[in-house]
Structure formats: C-alpha cells, structure tokens
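Notes to accompany the following structure.
Per chain, numbering begins at 1; letters A, B, ... match sequence-line order. Quick caveat: nothing in here was measured; it's all calculated off a predicted structure.
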Protein chains: 2
Amino acid sequence: MIKGKDGTIIPRVVIERLPRYYRYFDWLENKMEKISSKKLGDLIGSSASQVRLDLSHFGDFGQQGYGYNIKKLKHELVKILHINIERKLIIVGTGNIGRALTRYNIFKDTSFTLKALFDINPALIGEKIKGVTIYDVKELGAFVKENRIDIAIIAVPKEAANDISGVLIQNGIKGILNFAPLDLNVQEGFPVENIHIIDKILALSFMIS
Amino acid sequence: MIKGKDGTIIPRVVIERLPRYYRYFDWLENKMEKISSKKLGDLIGSSASQVRLDLSHFGDFGQQGYGYNIKKLKHELVKILHINIERKLIIVGTGNIGRALTRYNIFKDTSFTLKALFDINPALIGEKIKGVTIYDVKELGAFVKENRIDIAIIAVPKEAANDISGVLIQNGIKGILNFAPLDLNVQEGFPVENIHIIDKILALSFMIS
DNA sequence: TAGATTGTTAATCGATTAACAATC
DNA sequence: TAGATTGTTAATCGATTAACAATC
C-alpha cells in the first residue's frame, strides 16, 4: 500500500486520522482563511507536530510564517481521499441498519452515490427506499461487476457476512464497510473497515466500572 | 484510570481489544474446553505474546502446559467488562439510527437494558418502539438522574450533540456512545466512544485509490 | 517424567513529540 | 526586516514481539 508523496507507506493511524482532518477543514472553510498547525492541533486535539507530520506524508501544503490555507488544504484533502470523483456504493441487507443508512442520507452532498440495495427476503425485492431499489441478493455478484461498484456496506446477520464478502470480492469490489459483528475472512491487506457497535458499548461498560 | 490486577493502568489499545476477546470466547464456549494463546492468537489475528500480555493485565487465567480454560476465561471477561450486572441505557434521538438501534435488538441476551428513548419532536413523544417509550428531551436530565442511567447513545444531529452531552454528564451519565459526526466537548478522560460512519467510508475511499 | 504453555522481562519496532534550520 | 511557522530529523515514548525460566 504505497501512497505517500514520494512513494512512502502511509501508516494506518495516519489514514484513520485523515477523515478527521477533512471534517475540520470542511467546517473551517467559511470561518477563516488560514490556520497554523498549532491552532489546528488545539482544535482537533492533537499536537502541532502530529498535524505537520501527518500532512507532510502527502505534500508540502503549508507556508512558513503563514500556516495552511484552509481552502487549499481542503481541496488537497478532497484529492487525497479521492472524493473528487464519483464513488459507487451498495448496501447488502435491508434490515434496521441497512434501512437507516439508506434513509439517513449520509451521502448527501458527497461524491458517494448509493446505487442499489440487496436482500434475501423475496417479499422485499423490488421495493424502493428513498428511490433506491432492493434487488435479490442472487444478483449481487453480477450487479457489482457490471456497475463497477466501489464500496459495499455489509449489514446482514453475521452468519451470512462471509458468504456475502466472498461474492463481493470475487466480483471486484474495492472496499467493504462491515457492520456484522465478526471479522471477515479477507485476504491480508484488502480494505475493510469494521463498525462493531456492541464492541464500543462493551468498551464503555469496562471503562465505567 | 487504574484498573489492572495490581493497580496498573490498562493501555487504551488493550481496552479496545477486550470486546474482541469476549466475542471469540463467547463463540468458542461450546466448541472446545481449552485453548492456547498461540491458537487463540491465530484465530483472532494477533500474536500469542499479545494475547498473553493483554490477559495478564487482569489476572493469571492460564495454566502452563494447558492453556486457557474457555468457560473460565469467558466468565472472567464477563466480570472484567462488568456485564454481570445490569447496565441501563437510553438512546437520545429517534431518527434513523436511533430507531435502528432500538429495533435491531442489539441488546438481546445481554445485560444491557434499554430504558427509554428521547426526542425533541412533540409528534413522537409517547410513541413506543419495541416497547420502549419516547420521552420529551426536556425530561432527559431528570430521567437520567432518577433512574441512574449508565450509558447514553447520542443519535441526534451534530448541532444538538454537545448540548445533549452536557445535560447527560450534568445528570450523572457514566459513558456516552456518540453517533454524531463531531468530537464531543467533554472533560479529558470521560468515557466516550465514537462511531463515525462517514469517517470509515472516507478511509475506505482513500485506501481504494 | 517430558512436552507444552504460561506470565513476565528484555529487545524491537513504530508512533508521537521535541527541536531547529529554512524561509515566508 | 523580525516574527511566525513550516517540513524534517532526532529524541522520546509506548506498544508489540521475542525469549525464557517457571511449572502444570
């Protein structure tokens, strides 16, 4: 996974922080023109050094004695995150989580477009949620391949999750966001992000004694 | 945050891994009697050393030449995570995410009980979802205090999230699971876990080039 | 007993912070 | 120009892995 400005490898921790930078720059955009790594660090809860080192993986975006131009840096982050081009998504599983994500409009004003939903329940096939059609999960592989879907969100029961991820990967999906409470069996290095809600609640339960 | 078997501090990374151990032990429970740190590490995707060091923070649960007894270790994890006692939860915000979490039955067969929902929309007050009543958010503080709620899930728009967390903390909430796409303004060290769905999708977008 | 495997300490690796020359 | 602040290298800190005596 070689990605940096001079072909260096970007540490995972830095990748996980990128969306956070983006979030803050998006918010800052109409607030001020420039910001220093110190002020940004204070805002974001990290050190000035970390801000500078993180950003330096991708280019020289700042200017001595000035700081970072917010519009410019936001623009750079858009390119780094590849959200200057359309990203095609699907959601597999139209249970509570799948439906919530569809209705929630999480992709409003983004470059992500939700192309289809999939479910195993025949009664649901053909239904539309927010204008997005539910297809039979049997058509999943063909759909992903034909429409060159980039990212799939897995929101099926854990028993089905690995079968689904197999079909997705076989048909060229590029990344998976997994809501099923297990670790998917994918090849080392394949882009998967997990959202394990119950794990977060358990961690809280531990912490609050 | 002093927690270890001899009063040592548990590193954050270890805390984040605990639910994962629990998940695997729960699954292993009826599969075999014992497991070695090596086999568990293989299963879970980490090293035998890490498994042993992680667990050793909490006690001496293994036995030389034998490994770890699964039933025993699961029982220990239940105690460590404090899920041997009832944990009272509420959800603030009954939009798509709040409703999904309520309906999803994520707390089925756990020690977590969902005591109430809250919303600002007068039209929703009094409605029940899966038997749980929606209350006016004005009553949030009093309810949390009176019922000694442990954990609150924030699923409101980001503009409202900090006000809500303020009310919660003032009334003695012990931990917060935050779904709003921003960092809550809480005192350093206060237990907050964040689920930033869009951040995960952005990280994927970065990785898949 | 001999083999297996623990808990722990030491060595290594990686990430964060501090320092500073370069320069706007 | 002088002050501010960058990008980068070195120092520090913390987490992971390796090694091993203890022992079931």
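- Atom-to-atom, CG of B:L55 to C1' of C:dT6 comes out at 11 Å; the value is rounded to the nearest Å.
- Applying the 4.0 Å criterion to OP1 and OP2 of D:dT16, one finds that B:Q50 has a side-chain N or O inside that range.
- Distances were taken from every side-chain heavy atom of B:L53 (C-beta onward) to each of C:dA19, C:dT16, D:dT16; the shortest belongs to D:dT16.
- Classified by interplanar angle (parallel below 30°, tilted 30° to 60°, perpendicular above 60°), the ring pair B:F118/B:F143 is perpendicular.
- If you check every strand for non-hydrogen atoms under 4.0 Å, B:S49 touches a base.
- Taking only side-chain atoms of B:Q64, from C-beta outward, the nucleotide of C:dT6, D:dT6, C:dT17 with the closest atom is C:dT6.
- The nearest whole Å value for the distance from the CD atom in B:E33 to the P atom in C:dA4 is 18 Å.
- With A:Y66 as the aromatic partner, A:K34 meets the cation-pi criteria of under 6.0 angstrom to the ring centre and within 45 degrees of the ring axis.
- Toward the 5' end of DNA chain C, the nearer of the two residues A:V14 and B:G65, judged by each one's closest nucleotide, is B:G65.
- Separating the CZ atom of A:F58 from the C1' atom of D:dT6 is a distance of 18 Å, rounded to the nearest angstrom.
- Using modelled atom types, one finds no donor on one side chain facing an acceptor on the other under 3.5 Å when comparing A:R87 with A:S111.
- Comparing C:dA4, C:dT8, D:dT16 by their closest approach to the side chain of B:D60 singles out C:dT8.
- Across every strand in view, C:dG14 sits in a pair with D:dC13 that passes the Watson-Crick or G-U test at under 3.5 angstrom.
- Side-chain atoms of A:D26 and A:Y21 form no donor-acceptor pair, as typed in the model, at a separation below 3.5 Å.
- In this structure, OH of A:Y66 is placed 17 Å from C1' of D:dG7, rounded to the nearest angstrom.
- Pairing for D:dC24 is with C:dG3, a Watson-Crick or G-U wobble pair whose two hydrogen-bonding atom distances lie under 3.5 Å.
- Ring pair B:F112/B:F107 is tilted by interplanar angle, where 30° to 60° counts as tilted.
- D:dA19: Watson-Crick or G-U partner is C:dT8, with both key distances under 3.5 Å.
- Remark: C1' of D:dC24 and NZ of B:K34 are 12 Å apart, rounded to the nearest angstrom.
- If you take NZ of B:K38 and P of D:dC20, they are 19 Å apart, rounded to a whole angstrom.
- Side-chain nitrogen and oxygen atoms of A:R52 include at least one within less than 4.0 Å of the OP1 or OP2 phosphate oxygen of D:dT6.
- Across all strands shown, B:S46 has no heavy atoms under 4.0 Å from either base or sugar-phosphate atoms.
- The side chain of A:V13 lies closest to C:dA15 when the candidates are D:dT16, C:dC24, C:dA15.
- Look at CG on B:N69: it is 13 Å from P on C:dT6, rounded to the nearest Å.
- The only member of A:I176, A:I169, A:N178, A:V156 that meets side-chain contact (heavy atoms from CB on, under 4.5 Å) when paired with A:I164 is A:V156.
- Look at A:S37 and you won't find any side-chain N or O under 4.0 angstrom from OP1 or OP2 of D:dT5.
- Between the C1' atom of D:dC24 and the CZ atom of B:F61 lies a distance of 18 Å, rounded to the nearest Å.
- For D:dG7, one of the phosphate oxygens OP1 or OP2 lies less than 4.0 angstrom from a side-chain nitrogen or oxygen of A:Y68.
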